[in-house]
Structure formats: C-alpha cells, structure tokens
Amino acid sequence: METDYKIIAVDFDGTLCYSKWPDLGAPNKTLIEYLIKEKAAGNKLILWTCRAGQALMDATRWCEDHGLSFDAVNDNLPEIVELYGNNSRKITCDLYIDDRSVYIDAMGNLQGAAL
C-alpha cells in the first residue's frame with residue numbers, strides 16, 4: 001500500500017510511559033516529542049497496548065495530557081480496513097515502537113531492547 005504518510009504504532013507501558021501496569025508513571029519525553037513531530041508532519045499514530053477498560057482510558061487520558069493524540073487506539077486505521085476489506089487483528093503500520101522489540105542481526109543473533 002502506498003500512502004503519502006507513515007503509520008506509526010506505539011506501545012504504552014515501558015515505552016511511552018515508564019510504568020508498571022496498571023499504574024501510570026513518568027513520560028518518555030524524547031519519544032513523545034518525536035511522535036508529536038511525526039503527527040505534525042502528517043503521519044498517523046496508533047496507540048497499540050494491551051490495556052483495556054479503565055486502564056486504557058487512563059492511558060489515553062495520560063497521553064492527551066502529554067500532548068499526544070492518536071488516529072486509532074488498539075485498532076487499524078479506517079482506510080486500512082477499507083483497503084483490505086476486513087479488520088485484521090494485526091495492526092498494519094510502517095513502524096512499531098515497543099520496549100519488547102527484537103530483531104535478528106546479519107550474524108543470526110537476537111538483538112534489541114528486550115535483551
């Protein structure tokens with residue numbers, strides 16, 4: 001799919017917010033500033049978190065208090081659902097930002113934040 005914007009999905013606990021679920025903690029100011037700039041540049045943001053119910057409402061309010069607004073929360077963007085004709089459980093995005101992210105390097109070794 002070609003768009004004139006990036007879709008960025010970001011986790012909450014341990015990524016946007018230094019917290020231990022279900023508590024809220026200090027903001028990751030560097031990441032928040034990056035996401036605000038990306039949004040201002042026309043890119044789309046998805047809050048992608050395991051939180052639900054009151055814990056999710058607390059997290060979204062916390063994000064708003066820190067200047068973040070999202071185009072979707074725990075869901076695909078409407079244009080993605082329309083494009084594929086369904087709403088997959090997997091989020092379609094160009095970039096996932098998560099504290100549990102890992103990858104395999106050129107030597108076949110696991111690398112990343114969680115290691």
Side-chain angles (χ1 to χ4, degrees):
M1 178 181 104
E2 293 291 323
T3 63
D4 57 348
Y5 55 85
K6 291 185 294 189
I7 303 171
I8 302 168
V10 62
D11 181 38
F12 184 76
D13 293 290
T15 305
L16 279 172
C17 179
Y18 299 119
S19 59
K20 296 286 186 193
W21 187 93
D23 298 327
L24 300 172
N28 181 340
K29 292 179 183 180
T30 303
L31 177 55
I32 291 170
E33 289 171 9
Y34 168 82
L35 293 171
I36 290 171
K37 287 178 187 173
E38 289 294 318
K39 179 91 168 159
N43 296 310
K44 307 278 182 131
L45 303 179
I46 299 174
L47 179 62
W48 185 239
T49 178
C50 291
R51 286 179 176 246
Q54 185 62 49
L56 179 59
M57 288 189 291
D58 292 344
T60 55
R61 185 173 47 253
W62 183 96
C63 288
E64 291 168 4
D65 290 346
H66 288 90
L68 280 174
S69 63
F70 295 94
D71 299 286
V73 175
N74 288 343
D75 205 357
N76 277 298
L77 298 173
E79 59 265 37
I80 298 299
V81 175
E82 182 178 340
L83 175 71
Y84 292 114
N86 66 48
N87 193 1
S88 169
R89 290 180 14 200
K90 184 174 181 179
I91 295 296
T92 298
C93 67
D94 300 295
L95 177 65
Y96 287 101
I97 301 174
D98 191 316
D99 62 316
R100 301 291 181 174
S101 175
V102 297
Y103 62 95
I104 306 295
D105 68 15
M107 301 300 293
N109 299 308
L110 284 174
Q111 300 290 333
L115 298 175

To check you understand the geometry: which heavy-atom pair defines the closest contact between [X] and [Y], and what is its length?
X	Y	value
I7	I46	CG2-CD1, 3.7 Å
K6	N43	N-OD1, 2.7 Å
D71	K44	OD2-CA, 3.1 Å
C17	G25	SG-N, 3.1 Å
I91	A9	CG2-CB, 4.3 Å

Point to revise | salt bridge (charged side-chain N to carboxylate O under 4.0 Å, His left out) contacts touching residues 52-63 (sequence neighbours left out) | key: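 Listed by first then second residue: D58-R61.
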Interatomic distance, [X] atom [atom1] to [Y] atom [atom2] [nearest 0.5 angstrom]:
X	Y	atom1	atom2	value
E79	E82	CD	CD	8.5 Å
E33	L68	CD	CG	10.5 Å
L16	K29	CG	NZ	14.0 Å
D75	F70	CG	CZ	14.0 Å

Check your understanding: Among all residues two or more places apart in sequence or in another chain, which pass the ring pair (Phe, Tyr, Trp, His ring centres under 6.0 Å) test with W48?
Key ->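 Residues passing ring pair (Phe, Tyr, Trp, His ring centres under 6.0 Å) with W48: none at all.
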Review point. Would Y96 and L77 show up in the same hydrophobic cluster when neighbours are defined by side-chain heavy atoms closer than 4.5 Å?
Key: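 The answer is yes; both residues are in one hydrophobic cluster.
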Review point. Do L35 and L95 belong together in a cluster built from hydrophobic side chains that touch within less than 4.5 Å?
Key: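 Yes.
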Exercise for review: Before giving the answer on side-chain contact (heavy atoms from CB on, under 4.5 Å), spell out for I8 and K39 the whole-Å C-alpha distance, their side-chain angles and the decisive distance to 0.1 Å.
Suggested key: CA-CA 9 Å; I8 302 168; K39 179 91 168 159; over 6 Å; no
Check your understanding: Within the side chain of N76, is there an N or O that forms a donor-acceptor pair under 3.5 Å with the backbone of N87?
Key ->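 Not at all, since once roles are kept as given, no pair shorter than 3.5 Å links the two residues.
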Point to revise | Stepwise side-chain contact (heavy atoms from CB on, under 4.5 Å) check, L45 with V10 | key: CA-CA 8 Å; L45 303 179; V10 62; 5.8 Å; no
Point to revise | Side chain proximity check, D99 to Y18, heavy atoms < 4.5 angstrom | key: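 Side-chain contact under 4.5 Å: no.
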**Study point:** Student check: side-chain heavy atoms of Y84 and T92 closer than 4.5 Å
**Key:**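 Counting from C-beta outward, Y84 and T92 do come under 4.5 Å.
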Exercise for review: Please say which of T30, I32, I36, L31 ends up in a side chain to side chain contact (heavy atoms under 4.5 Å, CB included) with Y34.
Suggested key: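 Answer after filtering T30, I32, I36, L31: L31.
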Check your understanding: Can you name the residues that form a side chain to side chain donor-acceptor pair (under 3.5 Å) with D13, not counting sequence neighbours?
Key ->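 If we apply the side chain to side chain donor-acceptor pair (under 3.5 Å) test to D13, skipping adjacent residues, the hits are S19, R51.
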Practice item. Step by step, work out the side-chain contact (heavy atoms from CB on, under 4.5 Å) result for I104 and L110. Key: CA-CA 5 Å; I104 306 295; L110 284 174; 3.2 Å; yes
